[in-house]
Visitor: 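My structure is below; once you've seen it, I'll send some questions.
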Amino acid sequence: DPNPPTSNTLKFPKKEMRGVWIASAWGLDWPRENYNEEAQKSLYISYLEKFKELKINAVFFQVRAMGDAFYASQYEPWSVNAAGQRGRAANYDILKFMIDEAHARGIEFHAWVNPFRVATRANTSQLYPDLHSSIPSNWVLNHEKIQIYNPGKPEVRQRLADILKELVQKYEVDGIHFDDYFYPSASSAGTMQSDAADYQTYGAGHANIESWRRSNVDATMKIVSDMIKATKPAVVFSVSPAPNHQSNFNNLFADVPKWGKEGWVDVIMPQLYQEIGNPYNDFRQNLAFWSQNSGTASVMIGYGLYKFGDPTAGAAFQSPSELIRQFELTRSNSKVFGHAMYSAKTIMSNPIGITQTLKDLYAKPAVIPFLGRSIATNPSKPTGISISANELKWTHSAGNMAVVYYFPTKESEGEVLAITENQTFTISKNGWYCVTALNADNKESEHTDLVEKK
């Protein structure tokens with residue numbers, strides 16, 4: 001339940017996940033051709049320090065861009081971006097390092113995975129890299145420009161579930177995150193290798209090959225969802241589709257609203273990278289579609305931060321006011337519980353002051369909504385709240401964080417002052433205060449009584 005603490009009278013602020021995508025495909029955000037351990041660590045920590053300063057509370061790091069891994073996997077080769085050569089191991093546990101450093105700063109770590117892509121190439125004169133020794137060659141489709149695991153084969157879908165099970169068992173990831181690539185579109189694949197033979201083998205009961213392809217992607221989402229629920233139910237499963245539903249449905253064979261309706265995904269995070277009023281993909285219209293067609297999933301919005309200040313991106317993206325207007329629309333939408341920015345390097349380079357705008361939009365801390373499925377009970381509410389001079393004090397149980405809320409009056413909307421493991425907080429403003437407890441899954445307790453500073 002993403003909602004704030006229940007109260008008959010108090011207006012608690014909306015919860016908000018604030019994410020950033022860190023792309024590792026082609027080394028885009030990380031490691032940027034750094035294959036030295038210290039340089040890699042330094043780059044990653046510089047991102048986290050900046051995100052912490054901006055009150056960003058989640059990262060979506062691309063752990064599997066090309067049928068590969070940033071950790072020792074029994075199923076996949078090491079990523080080329082770990083140590084500079086596909087299959088070459090890094091000399092430190094990259095993923096453990098990344099997760100620990102994020103968690104140490106109160107930032108969640110979601111493992112971003114491309115489900116089917118194995119490799120890309122410019123044209124057929126280039127060879128695809130050798131497949132991992134455990135992959136039969138008939139498990140992949142070699143299109144002109146992209147090699148993918150074949151979604152039509154049940155053993156391929158099972159393998160993806162096994163790969164992700166290994167990941168969630170081995171590492172304390174907060175979520176598994178799929179991007180927008182399922183079946184490749186013709187524009188990205190070039191000449192397509194036919195899957196007609198597989199349709200003959202597996203397509204019974206489907207009126208056409210398109211319906212069968214959609215059922216393969218559905219089955220992929222379901223098997224991953226079932227694995228997460230059985231293995232580590234607190235792990236959040238999110239998907240970030242392209243902005244246009246018809247394009248997802250007809251070109252990528254991804255029936256995303258169905259996944260929300262069936263409860264297979266916890267979060268749908270469409271990439272609304274176009275401006276308000278765009279003639280083909282209007283931000284406002286896409287926002288309306290996804291907020292109305294998400295089923296039981298929470299909605300977060302992906303923003304094309306990289307477009308700001310890019311002269312080729314159009315007039316709207318030459319001013320930070322476009323981002324402010326987009327935030328006004330999403331924050332006033334009762335179905336939307338957060339954002340994700342693409343991508344990390346843009347936040348560091350701050351084109352046209354967009355990072356400063358983000359800092360203003362994120363001026364107050366935010367509590368991440370509860371998104372997964374937890375078998376644990378809600379945390380018990382803190383006790384013994386009091387004010388002594390300028391010190392707010394309370395007691396909460398170990399292992400939880402405390403959220404400090406401030407209300408100027410009992411009628412005004414509150415704000416989050418801090419999310420802290422401490423049991424004291426220095427206050428300065430007159431008004432009303434209360435505290436809740438927050439567990440590691442973002443389940444929040446009832447709030448304490450209000451205390452007043454006069």
Side-chain angles (χ1 to χ4, degrees), residues 1-5 10 12-20 44-45 47-59 61 96-110 171-175 232 234-236 337-338 362-372 374-407 414-429 431-451 453:
D1 176 11
N3 294 311
L10 295 174
F12 281 85
K14 194 174 173 182
K15 296 195 172 185
E16 197 169 74
M17 179 181 270
R18 301 168 174 178
V20 178
Y44 181 70
I45 285 175
Y47 282 139
L48 292 185
E49 286 295 318
K50 187 66 178 177
F51 300 162
K52 188 183 174 192
E53 178 201 330
L54 297 172
K55 302 182 178 67
I56 284 163
N57 53 26
V59 294
F61 179 84
K96 184 177 190 308
F97 165 78
M98 288 187 160
I99 293 166
D100 289 349
E101 292 293 333
H103 288 168
R105 291 165 177 80
I107 295 172
E108 287 200 345
F109 186 98
H110 293 250
Y171 292 99
E172 291 300 315
V173 298
D174 297 293
K232 226 185 241 187
V235 169
V236 173
F337 287 95
Y362 287 161
K364 308 274 188 265
V367 178
I368 296 179
F370 171 67
L371 301 164
S374 181
I375 34 196
T377 53
N378 281 3
S380 51
K381 74 177 177 186
T383 56
I385 187 166
S386 65
I387 294 175
S388 169
N390 288 330
E391 199 84 326
L392 185 69
K393 297 181 181 175
W394 65 89
T395 304
H396 67 265
S397 52
N400 292 330
M401 304 292 276
V403 185
V404 180
Y405 290 99
Y406 166 69
F407 300 84
E415 63 182 70
V416 176
L417 293 182
I419 302 167
T420 177
E421 54 192 358
N422 299 334
Q423 313 212 21
T424 62
F425 185 76
T426 303
I427 57 176
S428 56
K429 296 181 280 196
W432 299 86
Y433 295 84
C434 69
V435 177
T436 62
L438 191 70
N439 73 13
D441 297 335
N442 302 309
K443 269 198 162 180
E444 192 172 13
S445 73
E446 295 174 21
H447 62 86
T448 61
D449 292 340
L450 282 176
V451 290
K453 174 174 162 53

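Computed from a predicted structure; not experimentally measured.
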Visitor: For V435, which of I385, L417, D449 qualifies under side chain to side chain contact (heavy atoms under 4.5 Å, CB included)?
Guide: I385
Visitor: Do side-chain atoms of D174 reach the backbone of F109 as a donor and acceptor pair under 3.5 angstrom?
Guide: yes
Visitor: Who passes salt bridge (charged side-chain N to carboxylate O under 4.0 Å, His left out) against K381, sequence neighbours left out?
Guide: none
Visitor: Let me confirm one number: the CZ-CG distance from F370 to L438, rounded to the nearest 0.5 Å.
Guide: 11.0 Å
Visitor: Taking all non-hydrogen atoms of both residues into account, name the closest pair between A418 and F425 and its distance.
Guide: CB-CE1, 3.5 Å
Visitor: Report, as yes or no, whether the 6.0 Å neighbourhood of atom CD on Q423 holds more than 12 heavy atoms from other residues, nucleotides or ligands.
Guide: yes
Visitor: For F337, give me all partners under ring-ring contact (aromatic ring centres under 6.0 Å, His included), at least two apart in sequence or on another chain.
Guide: none
Visitor: With sequence neighbours left out, what residues match Y433 under ring-ring contact (aromatic ring centres under 6.0 Å, His included)?
Guide: Y406
Visitor: Quick one: salt bridge (charged side-chain N to carboxylate O under 4.0 Å, His left out) partners of K50, sequence neighbours excluded?
Guide: E53
Visitor: Kindly indicate whether the side chain of Y47, heavy atoms from C-beta on, has any atom under 4.5 Å from the side chain of I107.
Guide: no
Visitor: For the atom pair CG (L392) and OH (Y405), what is the distance rounded to the nearest 0.5 Å?
Guide: 13.5 Å
Visitor: Which atom pair, heavy atoms only, marks the closest approach of K96 to D100?
Guide: NZ-OD2, 2.6 Å
Visitor: Just so I know, are the side chains of K55 and I419 near enough to count as touching, which here means a heavy-atom distance under 4.5 Å?
Guide: no
Visitor: Crowded around K232 NZ? As in, over 12 foreign heavy atoms under 6.0 Å?
Guide: yes
Visitor: Could you check whether any side-chain heavy atom of E444 comes within less than 4.5 Å of a side-chain heavy atom of P5, counting everything from C-beta outward?
Guide: yes
Visitor: Shortest non-hydrogen contact from H110 to M17?
Guide: NE2-CE, 3.7 Å
Visitor: Is it the case that over 12 heavy atoms from other parts of the model lie below 6.0 angstrom from the CD atom of E446?
Guide: no
Visitor: For S380, what residues pass the side-chain contact (heavy atoms from CB on, under 4.5 Å) criterion, not counting sequence neighbours?
Guide: S397
Visitor: Under 3.5 Å, is there a donor-acceptor pair between the side chain of N439 and the main chain of D441?
Guide: yes
Visitor: For a 4.5 angstrom cut-off between non-hydrogen side-chain atoms, does M401 reach H396?
Guide: no
Visitor: Without swapping roles, check the side chain of N442 against the backbone of G372 for a donor-acceptor pair under 3.5 Å.
Guide: no
Visitor: Short question: side chain of N57, backbone of R18 - any donor-acceptor pair under 3.5 Å?
Guide: yes
Visitor: Measuring from atom CG of N3 to atom NZ of K14, what distance do you get when rounded to the nearest 0.5 angstrom?
Guide: 10.0 Å
Visitor: Working to the nearest 0.5 Å, report the span between CD1 of I99 and CD of E108.
Guide: 12.0 Å
Visitor: Which atoms form the tightest heavy-atom contact between A437 and P382, and what is the distance?
Guide: N-CD, 3.6 Å
Visitor: What I'd like to find out is whether the side chain of F407 reaches to under 4.5 Å of the side chain of L450, using heavy atoms alone.
Guide: yes
Visitor: Closest approach of L48 and A102, non-hydrogen atoms and distance?
Guide: CD1-N, 3.6 Å
Visitor: Once the angle between the rings of H447 and F12 is folded into 0 to 90°, is it parallel (under 30°), tilted (30 to 60°) or perpendicular (over 60°)?
Guide: tilted
Visitor: Of all residues at least two apart in sequence or in a different chain, which pass the side-chain hydrogen bond (donor to acceptor under 3.5 Å, both in side chains) check with E391?
Guide: T426
Visitor: Between E415 (side chain only) and P13 (backbone N and O only), is there a donor and an acceptor less than 3.5 Å apart?
Guide: no
Visitor: On a heavy-atom basis, which atom in V416 and which in V403 lie closest, and how many Å separate them?
Guide: CG1-CG1, 4.0 Å
